[in-house]
J.: 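Let me give you the structure first, and then I'll get to my questions.
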Amino acid sequence: MTLATTLRANKAVYTIAGAGDLAVEKIREVPDQVVKARETAVKYQDDLREVMDRYRGQVLEAMGRYRGEVRDNVGRVQERIEVKDLPNAAVAYMTHGASRAVEFIDELAERGKRVVHKEAVAVAEIAEADAKPATRARGTQRRTTQSRAAAASSRKGGA
């Protein structure tokens, strides 16, 4: 089994190739997103300043009013939670997170498999194209050598 075959059979290689492909795709999107964000910021800059000045006082007042209510609500929630339920909740959250991670890794591996096989086909085509001129050159060289040998033998036979 060759090294290339061994690597192609490895899911980690596909996952890394898929992650790289995804990263390249997202990085290519960044310039467009920056341009759009800049245009949006310039477009709404004056409106945002006006709204901030208008509602600053109301926001500060609401924050002061709700600060006490939030403390009371947190106290009520803490009273309802039983410590014995926490491990089960943690396991449920971790199981859900792990299954999402596995799904994401599988998606990256599939993406990487497509990338690797596409590149393998491209490399094979390039190698094949490079091999054809070399084969033709060798064939021409063989014919020239054979022609010289035939000419030399006919000279020896004729002399």
Side-chain angles (χ1 to χ4, degrees), residues 1-56 59-60 62-63 66-67 69-146:
M1 190 181 266
T2 65
L3 177 61
T5 306
T6 303
L7 289 176
R8 278 192 217 114
N10 192 339
K11 183 177 180 179
V13 172
Y14 288 133
T15 304
I16 291 169
D21 186 54
L22 180 63
V24 167
E25 178 184 312
K26 295 304 176 186
I27 288 171
R28 286 183 178 154
E29 294 174 0
V30 168
D32 293 335
Q33 291 176 350
V34 168
V35 169
K36 287 178 185 176
R38 186 176 291 143
E39 290 171 354
T40 303
V42 169
K43 181 178 178 181
Y44 294 110
Q45 185 175 9
D46 294 333
D47 294 339
L48 181 62
R49 284 189 182 134
E50 182 181 317
V51 168
M52 284 177 51
D53 290 340
R54 187 180 326 148
Y55 293 109
R56 180 175 286 136
V59 168
L60 292 174
M63 282 178 50
Y66 293 123
R67 186 174 286 149
E69 290 180 26
V70 167
R71 285 189 185 128
D72 292 341
N73 289 338
V74 167
R76 283 188 224 132
V77 168
Q78 286 176 343
E79 291 170 2
R80 292 182 190 169
I81 295 175
E82 293 188 30
V83 176
K84 65 180 180 180
D85 294 337
L86 290 178
N88 293 335
V91 167
Y93 283 119
M94 291 303 296
T95 302
H96 179 69
S99 66
R100 298 265 321 257
V102 168
E103 288 173 11
F104 183 63
I105 288 171
D106 288 343
E107 289 172 13
L108 287 177
E110 287 299 317
R111 182 182 190 122
K113 192 178 283 188
R114 288 191 303 269
V115 168
V116 168
H117 289 297
K118 181 174 67 173
E119 291 301 318
V121 168
V123 168
E125 289 173 356
I126 291 170
E128 184 178 309
D130 287 345
K132 285 182 181 178
T135 304
R136 288 183 191 143
R138 283 190 210 124
T140 305
Q141 184 180 15
R142 285 184 194 142
R143 280 187 235 122
T144 306
T145 306
Q146 291 170 352

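A quick note: this is a predicted structure, and the numbers were derived from the prediction, not measured.
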J.: Does any part of the side chain of R56, heavy atoms only, come nearer than 4.5 Å to the side chain of D53, both counted from C-beta?
T.: yes
J.: For the residue pair R111 and G18, what are the closest heavy atoms and their distance?
T.: CD-O, 3.5 Å
J.: Sequence neighbours excluded, which residues qualify as side chain to side chain donor-acceptor pair (under 3.5 Å) partners of R54?
T.: E50
J.: Any chance you could measure I16, atom CD1, to D21, atom CG, to the nearest 0.5 Å?
T.: 13.5 Å
J.: What do the steps show when you test D106 against K11 for side-chain contact (heavy atoms from CB on, under 4.5 Å), and what is the final call?
T.: CA-CA 9 Å; D106 288 343; K11 183 177 180 179; 2.4 Å; yes
J.: What's the shortest heavy-atom distance between H117 and Y14, and which atoms?
T.: NE2-OH, 3.4 Å
J.: Return the set of residues passing side chain to side chain donor-acceptor pair (under 3.5 Å) with E39 (not counting sequence neighbours), or none when no residue passes.
T.: none
J.: Let me see the working for D46 and R49 under side-chain contact (heavy atoms from CB on, under 4.5 Å), right down to the final yes or no.
T.: CA-CA 5 Å; D46 294 333; R49 284 189 182 134; 4.1 Å; yes
J.: Provide the closest heavy-atom pair for A109 versus T15 in the form atom of the first, atom of the second, distance.
T.: CB-OG1, 3.6 Å
J.: For V77 and N73, what are the C-alpha separation, side-chain angles and deciding distance, and is it a side-chain contact (heavy atoms from CB on, under 4.5 Å)?
T.: CA-CA 6 Å; V77 168; N73 289 338; 5.5 Å; no
J.: Nearest 0.5 Å, please: how far is CZ in R38 from OG1 in T40?
T.: 11.5 Å
J.: Do the non-hydrogen side-chain atoms of E29 and D32 ever get within less than 4.5 Å of each other?
T.: no
